[in-house]
Amino acid sequence: NMAAPSAPRPPRPRKEPQPLVIPRSAAEEQRLRLERLMRNPEKTVPIPEKLNEWAPRPPPEFVRDVMGSSAGAGSGEFHVYRHLRRREYQRQDFMDAMAEKQRLDEEFQKKLERNKMLAEEQTAKRRRKRQKLKEKKLQAKKNKLEQKKQEK
């Protein structure tokens with residue numbers, strides 16, 4: 001189906017076969033991966049995006065009349081009820097987990113702020129101490145010069 005015979009393509013350069021190495025530890029596996037990346041430093045490395053966290057489906061706007069396990073329910077009704085119930089429990093657990101995570105995040109931020117404040121206070125205290133020592137040295141130097149002048 002080709003109209004004009006094209007020039008024969010040069011053979012592709014063959015990759016040298018790599019020896020099969022089975023990593024014995026996590027560190028060795030990491031080392032092998034790094035070596036593989038560093039074999040060709042010009043090649044771009046794909047960095048995966050952070051996957052957004054799983055979130056449950058929102059509750060249905062309209063729930064059909066589900067009988068549950070009460071008398072008069074058909075043989076399939078309980079399964080429908082059970083699935084709805086499971087989904088709702090899952091949703092509530094998720095909301096609780098998110099609230100807990102938010103609380104822990106806030107606590108962590110407060111802790112960071114507190115640590116920063118303490119560090120600042122310590123730094124200021126030490127700065128004042130250094131300044132005091134510096135001033136004492138200068139004063140001592142001045143006094144020494146004054147004494148020398150008086151002796152002469």
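Scope of the values below: all heavy atoms of this structure, side chains included, with no hydrogens, waters or symmetry mates.
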Peer 1: Looking at K148 and E151, does any basic side-chain N land under 4.0 Å from a carboxylate oxygen?
Peer 2: no
Peer 1: In sequence, state the C-alpha distance, the side-chain angles, and the governing distance for E88 and R57, and then conclude on salt bridge (Lys or Arg N to Asp or Glu O under 4.0 Å).
Peer 2: CA-CA 9 Å; E88 180 58 20; R57 255 193 259 176; over 6 Å; no
Peer 1: Pair K111, E107 - check salt bridge (Lys or Arg N to Asp or Glu O under 4.0 Å), show working.
Peer 2: CA-CA 6 Å; K111 192 175 175 184; E107 270 181 27; over 6 Å; no
Peer 1: Would you compute the distance between atom CD of E53 and atom CG of L51 and round it to the nearest 0.5 angstrom?
Peer 2: 10.0 Å
Peer 1: Report, as yes or no, whether the 6.0 Å neighbourhood of atom CZ on R33 holds more than 12 heavy atoms from other residues, nucleotides or ligands.
Peer 2: no
Peer 1: Going by the rule salt bridge (charged side-chain N to carboxylate O under 4.0 Å, His left out), which residues pair with R82 if we only count those two or more places apart in sequence or in a different chain?
Peer 2: none
Peer 1: How about F94 and Q90: do any of their side-chain heavy atoms sit closer than 4.5 Å?
Peer 2: no
Peer 1: Using a strict 4.0 Å threshold on nitrogen-to-oxygen distance, state whether E100 and R103 make a salt bridge.
Peer 2: yes
Peer 1: Got a sec: does the CZ of R39 have more than 12 other heavy atoms crowding it under 6.0 Å?
Peer 2: yes
Peer 1: Quick one: NE2 on H83 to CZ on F78, what's the gap to the nearest 0.5 Å?
Peer 2: 9.5 Å
Peer 1: Linking I/L/V/M/F/W/Y whenever their side-chain heavy atoms sit closer than 4.5 Å, directly or via other members, would M98 and W54 fall into one cluster?
Peer 2: yes
Peer 1: Please test E42 against N40 for side-chain contact (heavy atoms from CB on, under 4.5 Å), starting from the C-alpha separation and ending with a verdict.
Peer 2: CA-CA 6 Å; E42 285 78 42; N40 190 357; 3.6 Å; yes
Peer 1: Distance check, rounded to the nearest 0.5 Å: K110 atom NZ versus N115 atom CG?
Peer 2: 14.5 Å
Peer 1: Less than 3.5 Å apart, which donor and acceptor atoms pair up between the side chains of residues 116-145 and the rest of the protein, not counting sequence neighbours?
Peer 2:
unit_1, atom_1, unit_2, atom_2, d
T123, OG1, A119, O, 2.7
N143, ND2, Q139, O, 3.4

Peer 1: How about CG on L104, more than 12 heavy atoms from neighbouring residues, nucleotides or ligands closer than 6.0 Å, or not?
Peer 2: yes
Peer 1: The criterion is salt bridge (charged side-chain N to carboxylate O under 4.0 Å, His left out); which residues satisfy it with R31, sequence neighbours excluded?
Peer 2: E28, E35
